[in-house]
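Have a look at the structure below before the remarks.
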Amino acid sequence: ETGVTQTPRHLVMGMTNKKSLKCEQHLGHNAMYWYKQSAKKPLELMFVYSLEERVENNSVPSRFSPECPNSSHLFLHLHTLQPEDSALYLCASSRGDSLQETQYFGPGTRLLVL
Amino acid sequence: RKEVEQDPGPFNVPEGATVAFNCTYSNSASQSFFWYRQDCRKEPKLLMSVYSSGNEDGRFTAQLNRASQYISLLIRDSKLSDSATYLCVVTTSGTYKYIFGTGTRLKVLA
């Protein structure tokens with residue numbers, strides 16, 4: 001296993017709900033990432049945190065709100081989502097934020113928005 | 001033009017065959033290159049980094065051609081367990097981004 005865990009693994013929510021995705025890494029890494037993977041599309045980087053500071057926000061709508069309380073935990077808060085937001089949301093971590101660092105992925109949260 | 005392009009496949013090959021995938025990238029300033037493997041309904045996992053001089057790991061060989069802006073992955077003696085989607089990843093200096101291709105699906109048939 002990669003040492004990156006995500007909960008919940010599956011989530012169904014209505015467009016008016018508020019929910020949060022949780023990611024935890026047990027690897028002692030300093031950088032954490034959120035990605036979105038939709039069917040037949042490449043993984044899309046959403047957010048990058050390095051040493052708990054957000055360093056990249058890849059033009060993500062404000063209905064997605066990340067939170068990184070410490071270097072081991074990363075949250076993605078969801079509110080008033082749209083059906084097109086249904087996708088697999090993957091968390092990843094790396095030792096540092098250098099481009100040469102390997103990113104290790106969690107198993108993902110499969111989200112369905114009704 | 002997409003930043004990273006891959007033939008989606010599927011590539012259907014018999015066990016024991018040799019198969020190769022290419023991945024082209026559009027940004028000549030791209031810095032680092034990786035191949036990840038993603039099994040159905042699972043997370044991507046690093047298969048190998050791609051070095052300028054080419055590198056090999058068992059049955060897998062990765063090559064980088066900067067002049068033509070592509071990387072390749074060669075799998076020799078294919079196993080049933082090699083069936084997966086292979087994702088090409090490119091990074092560019094000045095950003096934190098891993099840019100993923102859509103992946104090439106491989107099916108190794110008994």
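First the proteins, then the strands, lettered A, B, ... as listed; each starts at 1.
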Glu43(B) and Gln37(A), any side-chain heavy atoms less than 4.5 Å apart =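 Of all side-chain heavy-atom pairs linking Glu43(B) with Gln37(A), none is under 4.5 Å.
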
Give, as side chain, backbone, both or neither, the part of [X] having an atom under 4.5 angstrom from any heavy atom of chain A.
X	result
Gln6(B)	neither
Tyr36(B)	side chain
Ile99(B)	neither

Search all heavy atoms of Leu80(B) against all heavy atoms of Ala110(B) and return the closest pair with its distance.
-> CD2-N, 3.6 Å

Do Tyr98(B) and Tyr35(A) have ring centroids that are under 6.0 Å from one another?
->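 Not close enough - the centres of the two rings lie 6.0 Å or further apart.
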
Looking at Gln6(A), Glu44(A), Arg110(A), which makes the most heavy-atom pairs under 4.5 Å with chain B?
->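 Of the candidates given, the most pairs with chain B belong to Arg110(A).
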
Phe33(B) and Tyr25(B) aromatic ring geometry - parallel, tilted or perpendicular at 30°/60° bounds =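 Ring orientation of Tyr25(B) relative to Phe33(B): tilted.
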
How long is the span from the SG atom in Cys91(A) to the CZ atom in Phe75(A), to the nearest 0.5 Å?
->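 Going from the SG atom of Cys91(A) to the CZ atom of Phe75(A) covers 10.5 Å.
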
Could you grab the distance from atom NZ of Lys36(A) to atom CE of Met46(A), nearest 0.5 Å is fine?
->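 Separation between the atoms: 7.0 Å.
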
Check each atom of Leu90(A) against the heavy atoms of chain B and say whether the ones under 4.5 Å are side chain, backbone, both or neither.
->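 When you check distances to chain B, only side chain atoms of Leu90(A) fall under 4.5 Å.
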
Which residues from residues 100-108 of chain B are near chain A, with near meaning under 4.5 Å between non-hydrogen atoms?
-> Phe100(B), Gly101(B), Thr102(B)

Please confirm whether the backbone N or O of Ser26(B) pairs with a side-chain atom of Glu5(B), one donor and one acceptor, at under 3.5 Å?
-> no

Has the side chain of Asp82(B) got a donor or acceptor atom that lies under 3.5 Å from a matching backbone atom of Ser78(B)?
-> no

